[in-house]
Asker: 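Before I ask anything, here is the structure I am working with.
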There are 2 protein chains.
Amino acid sequence: MSTRRKSPIEIDFTETHMCSINMRLQILGKVPFFAGLTHGDLEEINNLFREHGYEPDEVIYFSGDAATHLFVVADGRIKLMRHSLSGKDVLLDILTSGEFFGSISNVENDSYPDTAQALTQTCVLSISINDFHRILEKYPSVVLKVLEITASRLQAANERFEQLSALPVEGRIANLLIVLSDKFGELNEVGLLIQTPLGREDVAAMTGTTPETASRVMSQFQKDGLIQTGRQWVAIIDRDSLKKIAGLESG
Amino acid sequence: MSTRRKSPIEIDFTETHMCSINMRLQILGKVPFFAGLTHGDLEEINNLFREHGYEPDEVIYFSGDAATHLFVVADGRIKLMRHSLSGKDVLLDILTSGEFFGSISNVENDSYPDTAQALTQTCVLSISINDFHRILEKYPSVVLKVLEITASRLQAANERFEQLSALPVEGRIANLLIVLSDKFGELNEVGLLIQTPLGREDVAAMTGTTPETASRVMSQFQKDGLIQTGRQWVAIIDRDSLKKIAGLESG
DNA sequence: CGACGAATTGAACCTATTCAAAGGGTGTGG
DNA sequence: CCACACCCTTTGAATAGGTTCAATTCGTCG
């Protein structure tokens with residue numbers, strides 16, 4: 001048995017979860033659909049945003065709340081989830097800085113279809129839908145970009161649906177680990193470490209299974225030398241084999 | 001035992017699956033994101049579209065083909081599906097006149113993530129992505145509408161994911177029947193008839209199960225007096241009870 | 001009427017869930 | 001700095017829900 005590391009995750013927070021003005025401008029510039037705007041435009045847009053900090057597990061909004069704002073992750077990790085009536089929670093996505101969530105369209109009496117919850121300490125910027133639509137009208141390039149991102153999220157959702165429908169649990173978990181490592185992976189001495197807190201329950205809620213089954217599968221992956229894992233963390237060791245299990249053929 | 005009807009579906013085709021000029025304009029006017037444009041604008045837009053007829057089971061494009069066009073259903077029904085590597089097909093959606101599919105974004109070297117196949121005799125209008133983007137640039141209201149539709153499709157996809165993840169087969173099928181009857185339902189002497197060919201295999205491919213299980217569940221629904229069904233057709237008899245089974249509570 | 005394809009039904013099998021109990025890392029307070 | 005307590009994780013065994021394969025029935029179209 002090799003020495004197993006204990007707690008390798010090191011999410012480098014800006015300790016203040018209140019963001020400085022400079023940081024806010026920097027974040028907004030990093031948001032894909034604001035990229036390309038001038039510094040002046042960004043400053044004007046910045047004025048329309050408010051910021052708010054959240055502690056881990058704090059909820060930004062609940063599914064069913066009146067949909068009034070669009071949010072941008074400035075720093076930290078946000079979970080997007082749905083609570084099914086059967087009590088089983090479903091985790092749709094984990095968002096990181098630069099990504100948006102909340103409401104896009106200004107339909108009257110609309111409500112959020114999902115719940116947004118902080119996974120880590122987080123700083124979030126928010127803008128009212130009305131103000132956001134003023135931006136959309138003023139900067140046509142922004143609308144196109146938002147459309148593009150939304151379309152690609154739709155594809156990703158269809159992809160997940162297909163997998164849940166056609167792959168066994170092993171394959172779905174293998175696939176999830178690949179996707180998360182593409183998004184959050186950071187190479188270190190353990191392997192390709194997924195830089196976000198990730199428990200068995202989270203894995204289960206993203207792959208449509210139970211924490212127990214997720215644990216069994218991941219334990220097996222570890223025994224087979226595919227991953228290294230512990231409490232709330234996972235690192236990928238043998239990416240190619242995982243891809244094969246995920247049904248993405250590559251060997 | 002009451003007299004069971006044999007073949008109640010009567011999809012009223014425009015027998016010509018080539019559309020007349022008047023019909024084309026009428027269809028384009030019915031497309032949600034072109035609503036509100038002037039007759040002149042529509043005529044100009046109409047010139048950018050080509051039309052094409054398809055027989056049942058004919059494929060409009062295959063998943064993986066180069067994504068070059070956006071399509072609008074003029075008449076008939078289109079299946080959007082994904083072929084998983086395991087050979088199990090997944091049915092994402094059934095589209096009817098006025099709905100669009102294909103490619104929205106003009107990313108280079110993009111390919112269709114799904115396959116589009118005619119479910120009935122169909123007339124489809126198509127436009128190149130480049131031309132479509134010229135329209136998007138010229139008519140800002142169109143972009144916003146496309147964005148709105150795409151966002152609501154994303155919500156629907158997340159909804160399906162949640163259900164597949166949290167509901168047993170019965171609930172998923174009950175739910176599918178509700179959704180399809182909202183979209184295709186037509187009241188007649190049998191009940192609320194779903195006006196689209198729909199076999200057990202289709203139901204299975206939309207709910208992540210097998211044709212055999214779909215058959216068992218639907219047989220039970222029929223015995224319980226919730227639906228009336230036969231070869232390639234379904235009619236809803238007791239909508240409220242179905243909703244209860246679907247977990248949408250209503251009694 | 002005959003034939004093909006769809007739908008039904010049965011029975012064995014299997015994957016994943018459920019419930020329960022034990023093990024282990026992390027962080028807190030003494 | 002160590003020890004304890006909490007919660008996450010692991011593991012086991014029984015069960016259930018769905019799949020699979022195969023055979024039969026039934027509807028629809030030629």
Side-chain angles (χ1 to χ4, degrees), chain A residues 1 3-11 55-57 84 86-89 119-120 163-174 190 196-205 207-224 227-235 245, chain B residues 1 3-11 55-57 84 86-89 119 163-174 190 197-205 207-224 227-235 245:
Chain A
M1 305 298 154
T3 323
R4 194 194 306 172
R5 308 190 103 272
K6 294 296 171 72
S7 167
I9 287 198
E10 201 80 39
I11 302 187
E55 294 298 312
D57 293 340
S84 72
S86 60
K88 184 179 268 184
D89 279 358
L119 184 56
T120 66
Q163 286 174 6
L164 184 51
S165 187
L167 287 183
V169 184
E170 293 182 319
R172 306 203 301 268
I173 292 184
V190 189
T196 209
L198 194 68
R200 302 294 175 267
E201 196 168 352
D202 298 311
V203 172
T207 54
T209 184
T210 59
E212 292 93 334
T213 299
S215 174
R216 278 182 248 271
V217 169
M218 288 172 72
S219 294
Q220 190 57 46
F221 283 175
Q222 179 155 246
K223 274 179 200 140
D224 297 345
I227 64 175
Q228 193 80 286
T229 180
R231 191 194 179 95
Q232 302 272 357
W233 64 271
V234 192
I245 294 171
Chain B
M1 305 295 155
T3 321
R4 193 194 305 171
R5 308 192 102 273
K6 294 297 172 69
S7 167
I9 287 198
E10 201 80 39
I11 302 187
E55 293 300 311
D57 293 340
S84 72
S86 59
K88 184 179 271 182
D89 278 358
L119 185 55
Q163 286 176 5
L164 185 50
S165 189
L167 287 183
V169 184
E170 294 182 318
R172 305 202 302 268
I173 292 183
V190 188
L198 193 68
R200 302 293 175 270
E201 195 168 353
D202 298 312
V203 171
T207 53
T209 183
T210 59
E212 292 92 334
T213 298
S215 173
R216 278 181 250 270
V217 170
M218 290 173 71
S219 295
Q220 190 58 47
F221 283 174
Q222 179 154 247
K223 273 178 201 142
D224 296 345
I227 64 174
Q228 192 79 289
T229 179
R231 191 194 180 93
Q232 301 272 355
W233 65 270
V234 191
I245 294 172

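Chain letters run A, B, ... following the sequence lines, proteins first, then strands; residues in each count from 1. Given the structure is predicted, the values throughout are model-derived calculations rather than measurements.
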Asker: Determine: side-chain N/O of Ser215(A) to OP1/OP2 of dT10(D), distance under 4.0 Å, yes or no.
Answerer: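 Answer yes for this pair, as a side-chain N or O of Ser215(A) is under 4.0 Å from OP1 or OP2.
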
Asker: Just to be sure I understand the rule, does Pro211(A) reach a base, reach only the sugar-phosphate, or reach nothing, if contact means heavy atoms closer than 4.0 Å?
Answerer: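 Answer is nothing: Pro211(A) stays at 4.0 Å or more from every strand.
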
Asker: Tell me whether the OP1 or OP2 atom of dT17(C) has a side-chain N or O from Thr210(A) closer than 4.0 Å.
Answerer: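 Yes, such a contact exists.
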
Asker: Arg231(B) CZ to dG27(D) P: how many Å, rounded?
Answerer: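 One finds 10 Å between P of dG27(D) and CZ of Arg231(B), rounded.
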
Asker: Going through the checks in order, is the side-chain contact (heavy atoms from CB on, under 4.5 Å) test met by Phe221(B) and Ile245(B)?
Answerer: CA-CA 10 Å; Phe221(B) 283 174; Ile245(B) 294 172; 3.9 Å; yes

Asker: Expressed in angstrom and rounded to an integer, what is the separation of Leu167(B) atom CG from dG17(D) atom P?
Answerer: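 Distance, rounded to whole Å: 14 Å.
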
Asker: At 4.0 Å (heavy atoms only), tell me whether Ser219(A) reaches a base, stays on the sugar-phosphate, or touches nothing.
Answerer: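 Sugar-phosphate contact only - Ser219(A) comes under 4.0 Å of backbone atoms but never of a base.
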
Asker: Please step through side-chain contact (heavy atoms from CB on, under 4.5 Å) for the pair Val234(A) and Gln228(A), ending with a clear verdict.
Answerer: CA-CA 6 Å; Val234(A) 192; Gln228(A) 193 80 286; over 6 Å; no

Asker: Would Arg200(A) and Thr229(A) count as having a side-chain donor-acceptor pair, cut-off 3.5 Å?
Answerer: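 There is such a pair between these side chains.
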
Asker: Quick check on DNA chain C: between Pro168(A) and Glu212(A), whose nearest nucleotide comes earlier from the 5' end?
Answerer: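 Mapping each residue to its closest nucleotide by heavy atoms, the 5'-most match is Pro168(A).
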
Asker: Which is it for Ile173(A) and Val203(A) under the side-chain contact (heavy atoms from CB on, under 4.5 Å) test, yes or no, and what are the steps along the way?
Answerer: CA-CA 7 Å; Ile173(A) 292 184; Val203(A) 172; 4.1 Å; yes

Asker: Rounding to a whole Å, what distance do you find between Glu201(B):CD and dT19(D):C1'?
Answerer: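 Taking atom C1' of dT19(D) as the reference, CD of Glu201(B) is at 15 Å.
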
Asker: Using OP1 and OP2 only, check whether a side-chain N or O of Thr213(B) sits under 4.0 Å from dT19(D).
Answerer: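 The answer is yes; a side-chain N or O of Thr213(B) sits under 4.0 Å from OP1 or OP2.
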
Asker: Take atom CG of Leu164(B) and atom P of dG17(D), then tell me their distance rounded to the nearest Å.
Answerer: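 Distance check: Leu164(B) CG to dG17(D) P gives 17 Å.
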
Asker: Taking the axis from the first five pairs and the axis from the last five, what angle separates them in the helix from dC1(C)-dG30(D) to dG30(C)-dC1(D), rounded to 10 degrees?
Answerer: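 The end-segment axes of the helix from dC1(C)-dG30(D) to dG30(C)-dC1(D) are tilted 40° relative to each other.
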
Asker: Is it the case that dG12(D) (base atoms only) and Arg216(A) (side chain only) share a donor and an acceptor within less than 3.5 Å, ignoring hydrogens and angles?
Answerer: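 Yes, a donor-acceptor pair under 3.5 Å.
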
Asker: In whole Å, what is the span from the CD atom of Gln232(B) to the C1' atom of dC29(D)?
Answerer: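 Between C1' of dC29(D) and CD of Gln232(B): 13 Å.
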
Asker: Lys88(A) has an atom NZ; how far is it from atom P of dA16(C), in whole Å?
Answerer: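 Interatomic distance, NZ of Lys88(A) to P of dA16(C): 13 Å.
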
Asker: Does any N or O in the side chain of Ser219(B) come within less than 3.5 Å of the main-chain N or O of Ser215(B), such that one atom is a donor and the other an acceptor?
Answerer: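 A pair under 3.5 Å: yes.
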
Asker: Between Arg216(A) and Thr210(A), does any side-chain donor sit less than 3.5 Å from a side-chain acceptor?
Answerer: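 Not at all, the side chains of Arg216(A) and Thr210(A) share no donor-acceptor pair under 3.5 Å.
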
Asker: Specify the separation, in whole Å, of atom CZ of Arg200(A) and atom C1' of dG24(C).
Answerer: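 Roughly 12 Å, once rounded to whole Å.
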
Asker: For the pair Ser84(A) (side chain) and Lys88(A) (backbone), establish whether a donor and an acceptor sit closer than 3.5 Å, ignoring hydrogens and angles.
Answerer: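 Looks like yes, one N/O pair under 3.5 Å.
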
Asker: Which whole-number value in Å describes the distance from Ile173(B) CD1 to dG17(D) C1'?
Answerer: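 Distance check: Ile173(B) CD1 to dG17(D) C1' gives 13 Å.
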
Asker: Quick check on dT17(C): is either OP1 or OP2 less than 4.0 Å from any side-chain nitrogen or oxygen of Thr209(A)?
Answerer: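 It does, given that an N or O in the side chain of Thr209(A) lies less than 4.0 Å from OP1 or OP2 of dT17(C).
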
